[in-house]
There are 2 protein chains.
Amino acid sequence: MKSSLDEDDRIWRALGDPVRRKMLDVLADGPQTTGAMVGRFEPLCRTAVMKHLDVLVRARLVMVKREGRVRWNHFNPVPIDRICGRWLDAHRRRRSAALNRLKRVVEAPVVGETEIAKEKVKQ
Amino acid sequence: MKSSLDEDDRIWRALGDPVRRKMLDVLADGPQTTGAMVGRFEPLCRTAVMKHLDVLVRARLVMVKREGRVRWNHFNPVPIDRICGRWLDAHRRRRSAALNRLKRVVEAPVVGETEIAKEKVKQ
DNA sequence: TCTACGTGTCACCATATAGTGACATGAAAA
DNA sequence: TTTTCATGTCACTATATGGTGACACGTAGA
């Protein structure tokens, strides 16, 4: 089912940005109006905050309820649970084998990351 | 500790790309040489595959072991477990409250996503 | 030795994304 | 009604990212 994969993709990509993860942390403590979110995420401008919220809405990580001219943003924990659960389940069986292989490898010095990788890790 | 946050950030961002998630799936079944990975991810060019691998190495999701002129890429499941576990733990307490609030909201029609969101969800 | 091959790196392009200011809309309050 | 305010949308810029081809390097094998 392609739409489901796209849905997962939207969720992962939404979680890829630290600002959006912080937004979910805030919303997890309780729903917030868009204006309140703007206030919490200075110095970002309102449009930037709304774009991030839109990405979260597209991923169904945030549900919107309008009340007059105010918009309430609600955190929806279901997609995260699904994603994390699916990933952990998928790797649970392979995890021990992978760890054993890794242990054997790590005993020998693990080097050979590309220069790009070394450099960026330093920063 | 800032470095830890940066580390988490690298992990989330690495997982944000579907190609890289697929790569982890492949590597979870067993280590692969870079060349073998290139073969598995056609029609991507070698450089693209190596860039993705570099991102995964930076996030410590892939460990590298060199053997002569061959490079073996090993999947490291630890960071994913840590990340997913932390999120699930952090949200576990708030989850039930958030779900209850959501249920109340969802009873009323949930509308009001921006046009951008509606449009992109359609696609 | 010389050759072939796997890998590392560089320069470059196209697109996606984060961010901003300005303007439009619609509901609440004066 | 008029004004105010929260929100929605648009046009635009700058940077990050994914992707490619070409070249360099070092090791294994002929």
Side-chain angles (χ1 to χ4, degrees), chain A residues 6 9-10 12-23 31-59 62-74 110-121 123, chain B residues 6 9-10 12-23 31-59 62-74 110-121 123:
Chain A
D6 289 6
D9 199 17
R10 274 196 290 266
W12 282 112
R13 215 184 310 241
L15 294 176
D17 187 285
V19 172
R20 288 192 286 266
R21 290 198 302 280
K22 185 79 179 294
M23 285 182 161
Q32 300 282 335
T33 68
T34 302
M37 289 297 282
V38 174
R40 277 175 172 267
F41 283 86
E42 278 176 316
L44 264 62
C45 76
R46 190 174 56 85
T47 311
V49 171
M50 287 190 63
K51 276 193 184 181
H52 283 302
L53 284 173
D54 280 338
V55 173
L56 293 171
V57 168
R58 282 175 47 205
V62 166
M63 308 290 274
V64 169
K65 171 82 180 295
R66 299 213 52 182
E67 247 176 45
R69 65 179 171 183
V70 175
R71 158 177 154 168
W72 286 96
N73 302 280
H74 292 256
V110 175
V111 291
E113 299 94 18
T114 66
E115 292 306 317
I116 296 174
K118 283 183 197 166
E119 179 190 318
K120 300 231 174 153
V121 163
Q123 287 170 1
Chain B
D6 289 5
D9 199 15
R10 274 197 289 266
W12 281 112
R13 219 191 303 247
L15 294 175
D17 187 286
V19 172
R20 288 193 286 267
R21 289 199 302 280
K22 185 79 179 295
M23 284 181 162
Q32 300 282 335
T33 69
T34 303
M37 290 297 281
V38 173
R40 277 174 173 268
F41 283 85
E42 278 176 317
L44 264 63
C45 77
R46 190 175 56 87
T47 311
V49 171
M50 288 190 62
K51 277 193 184 178
H52 282 302
L53 283 173
D54 280 338
V55 173
L56 293 171
V57 169
R58 281 176 46 205
V62 166
M63 308 289 273
V64 169
K65 171 83 180 298
R66 298 213 53 183
E67 248 177 44
R69 65 181 172 183
V70 175
R71 158 177 154 167
W72 286 96
N73 302 280
H74 291 255
V110 174
V111 291
E113 300 95 17
T114 66
E115 292 306 317
I116 296 175
K118 282 184 197 166
E119 179 189 319
K120 299 231 174 154
V121 163
Q123 289 170 357

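Chain naming here is simple, since letters A, B, ... match the order of the sequence lines and numbering starts at 1 in each. Computed from a predicted model, the values in this text were never measured in an experiment.
- In this structure, B:Asn73 and B:Met23 have side chains that are not in contact, with every pair of non-hydrogen atoms separated by 4.5 Å or more.
- The two residues B:Leu15 and B:Arg21 come nearest to each other via the heavy atoms O-NH1, 2.7 Å.
- Across the protein-nucleic acid pair, B:Asn73 atom CG and C:dG6 atom P stand 15 Å apart, rounded to whole Å.
- Between the A:Arg71 side chain and the A:Thr34 main chain, no donor and acceptor come within less than 3.5 Å of each other.
- Distance, A:Phe41 CZ to C:dT20 C1': 18 Å, rounded to whole Å.
- Considering only side-chain N and O atoms, A:Arg66 lies nowhere under 4.0 angstrom from the phosphate OP1 or OP2 of C:dG26.
- The CZ atom of A:Arg58 sits 8.0 Å away from the CZ atom of A:Arg13 when rounded to the nearest 0.5 Å.
- Annotation: the span from B:Thr33 atom OG1 to B:Glu67 atom CD amounts to 10.5 Å, rounded to 0.5 Å.
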Listed pairs, N/O of protein and of nucleotides 14-16 of chain D, under 3.5 Å:
none

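- A heavy-atom distance below 4.5 Å is not found between the side chains of B:Val49 and B:Arg40.
- The distance from atom CG of B:Asp54 to atom C1' of D:dT17 is 14 Å, rounded to the nearest whole Å.
- Closest of all the heavy-atom pairs between A:Gln32 and A:Ala36 is OE1-CB, 3.5 Å.
- Look at NZ on B:Lys22: it is 17 Å from P on D:dG18, rounded to the nearest Å.
- A straight line from CD of A:Glu67 to C1' of D:dT7 spans 14 Å, rounded to a whole angstrom.
- Scanning all heavy atoms of the two residues, the minimum distance from B:Asp9 to A:Gly16 falls at OD1-O, 4.3 Å.
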Which atoms of nucleotides 19-23 of chain D (N or O only) lie under 3.5 Å from a protein N or O atom, and what are those distances?
from: D:dG19; atom 1: OP2; to: B:His52; atom 2: NE2; distance (Å): 2.4
from: D:dG19; atom 1: N7; to: B:Lys51; atom 2: NZ; distance (Å): 2.9
from: D:dG19; atom 1: O6; to: B:Lys51; atom 2: NZ; distance (Å): 2.3
from: D:dT20; atom 1: OP2; to: B:Cys45; atom 2: N; distance (Å): 2.8
from: D:dG21; atom 1: O6; to: B:Thr47; atom 2: OG1; distance (Å): 2.9

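- Residue A:Asp54 holds its CG atom at 10.5 Å from CZ of A:Arg20, rounded to the nearest 0.5 Å.
- Remark: B:Arg46 CZ to B:Leu53 CG distance equals 11.5 Å, nearest 0.5 Å.
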Protein-nucleotides 3-6 of chain D N/O pairs closer than 3.5 Å?
from: D:dC5; atom 1: O2; to: A:Arg69; atom 2: NH1; distance (Å): 2.9

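- Computed from coordinates, the B:Leu53 CG to D:dG18 P distance equals 13 Å when rounded to whole Å.
- A:Met50 has its CE atom 12 Å from the C1' atom of C:dT25, to the nearest Å.
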